[in-house]
Amino acid sequence: MQKPTLPKGTRDFGPVQMAKRNFILDTIKETFRLFGYEQLETPAMENLSTLTGKYGDEGDQLLFKILNSGDFLKKVTPQDIQEGASATLSKVAEKGLRYDLTVPFARYVVMNRHELTFPFKRFQIQPVWRADRPQKGRYREFYQCDADVIGTDSLLCEAEIILMIRRVFEKLGIQDYSIKLNNRKVLTGIAGVIGEAGKEGPLCVAIDKLDKIGREKVEEELLERGFGPAAIQKLAPLFESNAESISEVLNFLEDFLQASEIGLQGIKELQEMLQLLNSLGANQEHLVLDFLLARGLSYYTGAIFEVKAHGVQIGSVSGGGRYDDLTGVFGMPNMSGVGFSFGVDRIYDVMEELGLFPDQTLTGSQVLLAHFDGKAFGYALGVLSKFRAQGIRAEVYPDLTKMKKQLDYASKKGIPFVAICGDDEIKNETIAFKNLETGEQESMKVEDAINRLI
RNA sequence: GUGAUUGUAGCUCAGCUGGUUAGAGCGCUGGUUUGUGGCACCAGAGGUCGCCGGUUCGAACCCGGUCUUUCACCCCA
């Protein structure tokens, strides 16, 4: 007998966890639908050729590859093995597990471009897999909840994303959080202004760590990445700016990016988005304009979002941005899109830590039918059907056993009521309806009990 | 991929510088209670000390490997 274990970085979700997860997922789904997004699902596995080369070298390393069925060594020659893993890989594996939802989405759009009506709004909630080394808040299998619009440049999408984020968090009861905003063009402008045009990539990677490692370390890292001391000197106003409100930050940026056309364009986009938000009748609550926000994904070209919950040590719980050419790699250029994603696992952790799950997230039975003997069991079955016919979640204890055990069962499962059946009840056509929380018990007709539960 | 870290009963953890039959709390099963759970009391079951190898008269304890857990880095949700 071997004892079973889970693969590294994967988890089971028991009934209690599922009830809580569904509370989050249902809220997100409902919100996506409210804003006109339609659901898409794609296969867990994709052709490896679809996946490779989309996530950088690091990403390719983290792809789970699926060994070909049957004699997977059929095509491998001794020479392949001599040449090493990468030469052999393409001959033993032609499929891989999906790494994110964005690439499968792009693949789908390209394959179905003639059937789709653009702008196409889709949401997708499915697990993805990464052969990463697990650590806090990071798993090898986890869920992404993506919503994207493809085929429009309108900044309305960005404004609506903010509304969706706020709606979801409000419904979930998360109050203390901020939605950080930035625009990739602002970052490009910054790189230009400091005389390091085109290097916003490395600039972002380094700046992104500001919160974590501090200004000095960031400056060190910039030096290592080939930024000149003069350029780093020019960044100083950014680190030292004490602009807080959105309008203050915009003013500051307009000044700093005076010489950068693209930077000013980024500011214009931000302003327009805020204007649209205003027209939608929404305020700027929770919004923070953070011109140092730089999300890792390299394909963002416009707006960038990131959501952080306050009061907990958990990374971002949602994020996204605009990309100008998502489908280009699959031969369909110039499709602008904007998308974002909720991190369900992290939202779960935040809510757990802050105690935000409502008590009644459990969806178990409302009433248990208990019985004293075989005859009562038969009677209970009839009563059970009456409860269910009225839509009341009910179950009967399936074995003939002591009352103690049946009540114990209900207690442990959190079933609030027990309908006890015995000779007296059969004779009077009643049940003994017991409230397990208060201990009160009353003899009544099934119909009366049903009325209490509805 | 790099560097640490963890593993003892179903769960949370004790277990001294290596020394006889490895302990506690909670949980579990049964009983006190043959028409009633939670509380109390009583009794009981449950462990190849992650796995493999080594050192030793003797290993849960020391050493090596491996798997696993957690954490940091890289990167990322």
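Lettering follows sequence order; numbering is per chain, from 1.
Residues passing the side-chain hydrogen bond (donor to acceptor under 3.5 Å, both in side chains) test with A/Asp153 are A/Ser336, sequence neighbours excluded. Under the side chain to side chain contact (heavy atoms under 4.5 Å, CB included) criterion, A/Lys121 pairs with A/Tyr37, A/Val149, A/Glu160, sequence neighbours left out.
Comparing B/C63 with B/C11, their C1' atoms sit 32 Å apart, to the nearest whole Å. Nucleotides B/C75 and B/A60 place their P atoms 45 Å apart, quoted to the nearest Å. One C1' atom belongs to B/C62, the other to B/A43, and the distance between them is 41 Å to the nearest Å. Distance noted for atom P between B/G25 and B/U2: 45 Å (whole Å). Separation of the C1' atoms belonging to B/G46 and B/A24 is 15 Å when rounded to the nearest angstrom. Comparing the C1' positions of B/C28 and B/G65 gives an interatomic distance of 37 Å, to the nearest angstrom. To the nearest whole angstrom, the two C1' atoms, one in B/C51 and one in B/G7, are 11 Å apart. Taking atom P on both B/U21 and B/U55, the two are 23 Å apart, rounded to the nearest angstrom.
Following rounding to the nearest Å, A/Asp57 (CG) and B/C76 (P) show an atom-to-atom distance of 12 Å. For the pair A/Leu101 CG and B/C76 C1', the interatomic distance rounds to 15 Å; values are reported in whole Å. Atom-to-atom, NZ of A/Lys412 to C1' of B/U29 comes out at 10 Å; the value is rounded to the nearest Å. When rounded to the nearest whole Å, the span between OH of A/Tyr409 and C1' of B/U29 equals 18 Å.
The ring pair (Phe, Tyr, Trp, His ring centres under 6.0 Å) contacts involving residues 386-434 of chain A comprise A/Tyr397-A/Tyr409, A/Phe417-A/Phe433, where partners must be two or more places apart or lie in separate chains. Screening residues 126-172 of chain A for ring pair (Phe, Tyr, Trp, His ring centres under 6.0 Å) gives A/Phe169-A/Tyr177 as the qualifying pairs, with residues at least two apart or on separate chains. Applying the salt bridge (charged side-chain N to carboxylate O under 4.0 Å, His left out) definition to pairs two or more places apart or across chains, those involving residues 123-139 of chain A are A/Asp132-A/Arg138. Judged as a ring pair (Phe, Tyr, Trp, His ring centres under 6.0 Å), not a single pair has a partner in residues 200-221 of chain A (not counting sequence neighbours). The list of ring pair (Phe, Tyr, Trp, His ring centres under 6.0 Å) pairs with a residue in residues 196-222 of chain A, not counting sequence neighbours, is empty.
Note on A/Glu442 versus A/Arg452: salt bridge recorded, some NZ/NE/NH1/NH2 to OD/OE distance being below 4.0 Å. A/Arg225 and A/Glu221 are joined by a salt bridge, as a carboxylate oxygen and a charged side-chain nitrogen come within less than 4.0 angstrom of each other.
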Please list, pair by pair, any protein nitrogen or oxygen found under 3.5 Å from a nitrogen or oxygen in nucleotides 6-11 of chain B.
none

Would you list the protein and nucleotides 70-75 of chain B atom pairs, both N or O, that sit under 3.5 Å from each other?
from  : atom 1 : to       : atom 2 : distance (Å)
B/C71 : OP2    : A/Lys136 : N      : 2.5
B/A72 : OP2    : A/Gln135 : OE1    : 2.7
B/C74 : OP1    : A/Lys209 : NZ     : 3.1
B/C74 : O2'    : A/Glu58  : OE2    : 3.2
B/C74 : N4     : A/Arg138 : NH1    : 2.9
B/C75 : OP2    : A/Lys209 : NZ     : 3.4
B/C75 : O2     : A/Arg138 : NH2    : 2.6
B/C75 : N3     : A/Arg138 : NH1    : 2.9
B/C75 : N3     : A/Arg138 : NH2    : 3.4

Show, in sequence, the C-alpha distance, side-chain angles and deciding distance for A/Thr31 and A/Arg167, and conclude whether the side-chain hydrogen bond (donor to acceptor under 3.5 Å, both in side chains) test is met. CA-CA 7 Å; A/Thr31 302; A/Arg167 184 176 191 275; 2.9 Å; yes
Where along nucleotides 32-39 of chain B does protein come under 4.0 Å, by heavy atom, of base (B) or sugar-phosphate alone (S), with - for untouched nucleotides? ---BBBB-
What would the secondary structure line of RNA chain B be in dot-bracket form, counting Watson-Crick and G-U wobble pairs under 3.5 Å, with [ ] for pairs that cross earlier ones and | for pairs with another strand? ((((..(..((((.....[...)))).(((((.......))))).....(((((..]....))))))..))))....
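Residue-environment remark: CD (A/Gln175) stays at or below the threshold of 12 foreign heavy atoms within 6.0 Å. Counted within 6.0 Å of CE on A/Met111, heavy atoms from surrounding residues, nucleotides or ligands total 12 or fewer; the atom is thus considered open.
Neither side chain, A/Tyr300 nor A/Asn182, offers a donor N or O lying under 3.5 Å from an acceptor on the other.
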Donor-acceptor pairs under 3.5 angstrom involving side-chain atoms of residues 90-100 of chain A: please list them, not counting sequence neighbours.
from     : atom 1 : to       : atom 2 : distance (Å)
A/Lys91  : NZ     : A/Asp80  : OD2    : 3.1
A/Arg98  : NE     : A/Pro43  : O      : 3.3
A/Arg98  : NH1    : A/Pro127 : O      : 2.2
A/Arg98  : NH2    : A/Thr42  : O      : 2.9
A/Arg98  : NH2    : A/Pro43  : O      : 3.3
A/Asp100 : OD1    : A/Tyr55  : OH     : 2.8
A/Asp100 : OD1    : A/Thr102 : N      : 3.3
A/Asp100 : OD1    : A/Val103 : N      : 3.2

